[in-house]
Amino acid sequence: MGFPSVLSFAHKLISERLQPGDIAIDATAGTGADTLFLAKTCGRRGHVYAFDIQRKALELTRSRLDREMENQIEGKTEKQTGHLAYVTLLEQSHSEMEEAIPSELKGKVGAIMFNLGYLPSEGADHSLITQTDSTLVALHSAITLLRPRGIVTAVLYPGHSGGDSEASAVEAWAAALPSALGQALIYRQLQKPEAPYLIAIEKK
């Protein structure tokens, strides 16, 4: 049967902690898969904020959300499709999330997802990748924005150029996080050091 993929495991950890009506953030919208997952999990009373510096990524995310809504309209039941949270798409760096999110939500966000690296879409510029400095700023902001027992997940990609140094920096940051602030874990395939892996942090 095998172990879950890193993305599946990230979704599992979040779904166990996120409640209907919660606030969540997709720090790297990409093609919108995590944004849609968060929108389904938070439900129609929730709100999801999705960040990406590339307009193409936000267009892909909007298309994915629109397709989901069309499926709901075409006669499928609520039980089959669920109801999506309201989604705000922001063409900004994840390093700006603390300033971009309404101040009254500080300390109230249930989950924040990072899927680092490049936009995995046909025709996208794969040389445009997340940067270590801005990612570390965003992770620090994420801890501030989370509510108690809120969770951050970060999928890291050491196999591409620049991804290895970013992954090492994020791992070092998580390892140095005071245990009084949060609990950090790593989910990794040990025999494949270049495979994507997950770091998750639950805020105390």
Side-chain angles (χ1 to χ4, degrees), residues 3-14 24-35 37-38 49-58 60-61 90-101 109 111-146 150-179 181-203:
F3 293 117
S5 70
V6 289
L7 291 172
S8 295
F9 192 57
H11 286 187
K12 178 180 185 297
L13 292 174
I14 288 173
I25 296 172
D26 185 352
T28 50
T31 63
D34 289 337
T35 304
F37 161 73
L38 291 171
Y49 295 85
F51 291 82
D52 210 291
I53 61 169
Q54 296 187 72
R55 180 162 297 182
K56 179 178 177 64
L58 297 179
L60 290 168
T61 299
L90 297 158
E91 192 177 346
Q92 292 178 248
S93 169
H94 53 205
S95 65
E96 300 173 303
M97 72 167 72
E98 192 169 353
E99 295 76 26
I101 299 298
V109 176
I112 302 175
M113 299 191 74
F114 291 79
N115 199 334
L116 301 172
Y118 54 76
L119 177 61
S121 172
E122 185 177 347
D125 182 358
H126 289 181
S127 68
L128 185 59
I129 62 173
T130 51
Q131 299 297 311
T132 301
D133 289 347
S134 59
T135 294
L136 292 176
V137 170
L139 286 166
H140 179 77
S141 296
I143 297 299
T144 302
L145 290 166
L146 282 182
I151 187 170
V152 174
T153 62
V155 177
L156 308 166
Y157 294 86
H160 69 79
S161 179
D164 52 349
S165 57
E166 182 179 44
S168 295
V170 171
E171 189 174 332
W173 173 84
L177 197 69
S179 58
L181 190 57
Q183 179 180 8
L185 65 81
I186 188 168
Y187 181 69
R188 187 168 196 174
Q189 207 171 347
L190 294 176
Q191 298 100 325
K192 296 183 179 180
E194 293 191 348
Y197 68 102
L198 173 71
I199 288 177
I201 299 160
E202 184 181 63
K203 188 173 179 179

Mind running side-chain contact (heavy atoms from CB on, under 4.5 Å) on H11 and T153 for me, showing each step along the way?
CA-CA 9 Å; H11 286 187; T153 62; over 6 Å; no
Compare all side-chain heavy atoms of Y49 with those of L145 and state whether any distance is below 4.5 angstrom.
no
Taking the side chain from R188 and the backbone from P193, do they hold a donor-acceptor pair closer than 3.5 Å?
yes
When you check the side-chain N and O atoms of H94 and D52, is any donor under 3.5 Å from an acceptor?
no
Between H140 and W173 the two heavy atoms that sit nearest each other are N-CZ2, 4.0 Å
Tell me which one of I112, I151, V152 satisfies side-chain contact (heavy atoms from CB on, under 4.5 Å) with I14.
I151
Output, in order, the C-alpha distance, side-chain angles, deciding distance and verdict of side-chain contact (heavy atoms from CB on, under 4.5 Å) for M113 and F37.
CA-CA 10 Å; M113 299 191 74; F37 161 73; 4.0 Å; yes
In short, G117 meets E166 closest at the heavy-atom pair N-OE1, 4.1 Å
Considering all heavy atoms, the nearest A24-L38 contact:
CB-CD2, 4.0 Å
Could you go step by step and tell me if T28 and F51 meet the side-chain contact (heavy atoms from CB on, under 4.5 Å) rule?
CA-CA 5 Å; T28 50; F51 291 82; over 6 Å; no
Say whether S5 and S8, considering side chains only, have a donor N or O and an acceptor N or O under 3.5 Å apart.
yes
Name the residue from V170, L139, L198, L156 that meets the side-chain contact (heavy atoms from CB on, under 4.5 Å) definition with F114.
L139
If only atom types and distance count, is the side chain of K203 paired as donor or acceptor with the main-chain N or O of I143 below 3.5 Å?
yes
What heavy-atom pair brings P196 and V6 nearest, and what distance separates the two atoms?
O-CG1, 3.6 Å
Surrounding CD of E194 (heavy atoms of other residues, nucleotides or ligands, distance under 6.0 Å), is the total greater than 12?
no
Is a donor from one side chain sitting under 3.5 angstrom from an acceptor on the other, for D164 and Y157?
no
Between the main-chain N or O of S95 and the side-chain N or O of S93, is there a donor-acceptor pair closer than 3.5 Å?
yes
Tell me whether T31 contacts the main-chain N or O of L60 through its side chain, where contact means a donor paired with an acceptor under 3.5 Å.
no
Distance col, row H160:NE2 vs L116:CG, nearest 0.5 angstrom, shows 8.0 Å
Are more than 12 heavy atoms, taken from residues, nucleotides or ligands other than E91, located less than 6.0 Å from that residue's CD atom?
yes
Rounded to the nearest 0.5 Å, what separation is found between the CD atom of E96 and the OG atom of S141?
10.0 Å
For A50, is there any backbone N or O sitting under 3.5 Å from a side-chain donor or acceptor partner on D26?
no
Judged by atom type as modelled, is there a donor-acceptor pair below 3.5 Å linking the side chain of S168 to the main-chain atoms of S165?
no
